[in-house]
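Ligands are counted one by one from 1 in listed order, and the atoms in each one are counted from 1 as well. Small disclaimer: the values here were computed from a predicted structure and weren't measured.
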Amino acid sequence: MSTATESEGFATAAAAGVHRLSIPTPFAVGRVNCYLIDDDPLTLVDAGPNSGTSFDELTQGLAALGKSLEQIELVIVTHEHIDHLGLVGLVAARSGAEVAAIDHAVPIVESFAAEMQANDDFASATMLRHGIPEDVVRALQSVSRAFRAWGAPAQVTRVLHDGDELAFRDRTWNVHWRPGHSPTDTVFEDAERRTLLAADHLLGHISSNPLITRPRAGATERPQALVTYLDSLTKTRAMDVDLVLPGHGDPVTEHRELIDERFRMHRRRADKLHRLIAERPRSAYELAQALWGNIAVTQAYLTLSEILGHTDLLLNEGRVREVEIGDTVRFESVAEPAPHSEQ
Ligand SMILES: [Zn+2]
């Protein structure tokens, strides 16, 4: 079994002072797991989306643990997504807590609105280039603008770096940057207790979607999100941990088994896409339709990310190439070299 029962894994964590707070979100993913670390400093890992309902449940959850929002001394950001980040600024403002985030996340957390606009512009251009119809792109733009209300900026007062140690009175965490699901994913390892706070880097019940993101800081090519993610998973697979506390859903106890399952799934999906491309050249949009049929507008970018992640694998392996026809990119199969015959 890859997932422990809720009571088991979360109870083990709670006994060590790590309390799960399940906070509602308006998104398809459902609730988000935030964690209260009952230590010195009193620490909140992620805060949930910026909404009245989420804020109420967060304060009630803290009260049930005998704490108040005002007592929080440190808020740690695991990554840039709004279901985790939205309330961080408000919690910091109410409590005076420090806000800690990995260096890569600082500009995004601090300039949230401008970053989201730039991401949306990139997403729209990428969707059009890969064959998604204009009306779908426009509809998704307005959905995304509406979703932005659940996010908010925060000032990072403590910048973390890959390899840092984060010291509490009763524990020390090792900070590891694990990009892929987002460019800023950060996981926190308690080596003594063999526990990993993984946020959305590794989820038990669903695979983490490696969302494609725009090129940053002087780069011209977009990062290969799935390729990056598989590298990050390889690093996590090598870790000796017994309990993984995720950003959604139940804890994971057999992380190597789960990661191997994810590797196999991505391999199968890449092979399946290669078979579809070998039939005839197709755009990423056509590939998504071949796999999933008609796609809901809100899922258009997620499914495009999923397709492009796997075509990146095939491109790197030299099994497909990109061909621009008009303004649209199509993928075509690279002919396999003829088998060498011994005459
Ligand atoms: Zn999330």
Peer 1: Would you call Arg282-Glu332 a salt bridge at under 4.0 Å N-O?
Peer 2: no
Peer 1: Show the atom names and distances, to 0.1 Å, of all donor-acceptor pairs under 3.5 Å that link a side chain in residues 193-202 to residues at least two apart or in another chain.
Peer 2:
{"residue": "Arg193", "atom": "NH1", "partner": "Asp190", "partner atom": "OD2", "Å": "2.8"}
{"residue": "Arg193", "atom": "NH2", "partner": "Asp170", "partner atom": "O", "Å": "3.1"}
{"residue": "Arg194", "atom": "NE", "partner": "Asp242", "partner atom": "OD1", "Å": "3.3"}
{"residue": "Arg194", "atom": "NE", "partner": "Asp242", "partner atom": "OD2", "Å": "2.9"}
{"residue": "Arg194", "atom": "NH2", "partner": "Asp242", "partner atom": "OD1", "Å": "3.4"}
{"residue": "Thr195", "atom": "OG1", "partner": "Arg193", "partner atom": "O", "Å": "3.1"}
{"residue": "Asp200", "atom": "OD1", "partner": "His84", "partner atom": "NE2", "Å": "3.3"}
{"residue": "Asp200", "atom": "OD1", "partner": "His248", "partner atom": "NE2", "Å": "3.4"}
{"residue": "Asp200", "atom": "OD2", "partner": "His79", "partner atom": "NE2", "Å": "3.4"}
{"residue": "Asp200", "atom": "OD2", "partner": "His84", "partner atom": "NE2", "Å": "2.9"}
{"residue": "Asp200", "atom": "OD2", "partner": "His181", "partner atom": "NE2", "Å": "3.4"}
{"residue": "Asp200", "atom": "OD2", "partner": "His248", "partner atom": "NE2", "Å": "3.2"}
{"residue": "His201", "atom": "NE2", "partner": "Thr236", "partner atom": "OG1", "Å": "2.7"}

Peer 1: State whether Arg216 and Glu115 are salt-bridged, where the test is any N-O pair (Lys NZ or Arg NE/NH1/NH2 against Asp/Glu carboxylate O) under 4.0 Å.
Peer 2: yes
Peer 1: Tell me if the CG atom of Asp135 is crowded by more than 12 foreign heavy atoms within 6.0 Å.
Peer 2: yes
Peer 1: Please give me the protein atoms (N, O or S only) lying under 2.8 Å from the Zn ion (ligand 1), ordered by chain and number.
Peer 2: Asp83 OD2, His84 NE2, Asp200 OD2, His248 NE2
Peer 1: Please determine if Arg330 and Glu286 form a salt bridge, counting it only when a charged side-chain N lies under 4.0 Å from a carboxylate O.
Peer 2: yes
Peer 1: Do Arg20's NZ or CZ and the ring of Phe10 fall within the cation-pi criteria of under 6.0 Å and 45°?
Peer 2: yes
